[in-house]
Amino acid sequence: SLCIQVINPNTTQAMTETIARAAREAASPATEIIAVSPTQGVPSIEGHADEAIAALGVLEQVKRGREQGVHGHVIACFGDPGLLAARELASGPVIGIAEAAMHMATMVATRFSVVTTLPRTLIIARHLLQQYGFTHHCAALHAIDLPVLALEDGSGLAQEKVRSRCLQAQREDGCGAIVLGCGGMATLARDLTRELGMPVIDGVGAAVKIVESLVSLGLGTSKYGDLAFPCEKKITGALQHLN
Ligand SMILES: O=C(O)C[C@H]1NC(=O)NC1=O
């Protein structure tokens, strides 16, 4: 049976558990989900510097997962931090939740909107739209203007803000689908899809299904060309665990 490593790139255990729930709900019965987060790093990822730090944790976990023999990896942060670097280290597929959700949104709607957390991270989503070729599929990008960890404070305020932002996007954007722009929003997708009567897509579940599909088709990360394993060299100092 399949084993998929789902990496929460931030170090907040409660969010790792939220992400794990969404991953296990989407996974097929025969698929084992191993949910992990970096041993060191940032408690939430809310900008470019946080992403740079988190990327090193992603590499550490992808290396560990490969050594444990997992069949594929999910990067469960909406910035897809370290995605191509992780693909160089990996044998199996490595799928980011932003690319997974965006790809699926383009298959069920002509245009989609994104709802994420802090306004300052919207540029990261814009960069991903450009990188993946989806700029013209995205009707609008929204932020609930709350920090990522508000999703784990138990008040329900962030969840209510996500819901009202999705309703506003549905009314105003001319979009046919909505992409949830944070790993911590993953468990909200099913209820919002039902309430709005339109696809509200969680990238964690989307990425798990894409990894399952790729592996079942015998497809792993291409090791031919620029995603081949990194050139041999000695990594020194505090990062030597990455050797
Ligand atoms: O950029 C964001 O708002 C979401 C992103 N940050 C994080 O710690 N996990 C995430 O999915």
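Numbering of ligands and ligand atoms starts at 1, following listing order. Because only heavy atoms are used, hydrogens play no part in the values below, and waters and symmetry mates are left out as well, while side chains stay in. These numbers were taken from a predicted model, which means no experiment stands behind them.
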Honestly, for Thr116 the part within reach of ligand 1 (heavy atoms, under 4.0 Å) is side chain

Nearest heavy-atom contact between Asn8 and Pro38 is O-CD, 3.1 Å

Residues Ala186 and Val204: closest non-hydrogen pair is CB-CG2, 3.9 Å

* Have Thr31 and Ser28 got a donor and an acceptor in their side chains that come within less than 3.5 Å? -> yes

Quick note on ligand 1: atoms under 4.0 Å from a heavy atom of Ser44 include exactly 8 (O)

Would you call the rings of Tyr132 and His103 parallel, tilted or perpendicular, where under 30° means parallel and over 60° means perpendicular? tilted

Notebook entry, point to check: Is Gly181 near ligand 1, meaning one of its heavy atoms is under 4.0 Å from it?
Noted result: yes

Within 4.0 Å of some non-hydrogen atom of Cys77, the atoms of ligand 1 are 5 (C), 6 (N), 7 (C), 9 (N), 10 (C), 11 (O)

Lys209 and Glu212 ion-paired at < 4.0 Å:
yes

re atom 3 (O) of ligand 1, the protein heavy-atom contact at minimum distance is Thr117 OG1, 2.3 Å

Is the shortest side-chain N to carboxylate O distance from Arg120 to Glu51 below 4.0 Å?
-> no

For Ile45, the atoms of ligand 1 under 4.0 Å from one of its heavy atoms are 1 (O), 2 (C), 5 (C), 6 (N), 7 (C), 8 (O)

One finds that the ligand 1 atoms under 4.0 Å from a non-hydrogen atom of Gly183 are 10 (C), 11 (O)

**Message:** What I want to find out is whether Glu17 reaches Arg21 closely enough, with some N-O distance under 4.0 Å, to be called a salt bridge.
**Reply:** no

For ligand 1 and Met15, I'd like to know whether there is a polar contact (N/O to N/O, distance under 3.5 Å). no

For atom 4 (C) of ligand 1, the closest protein heavy atom turns out to be Cys182 SG, 3.5 Å

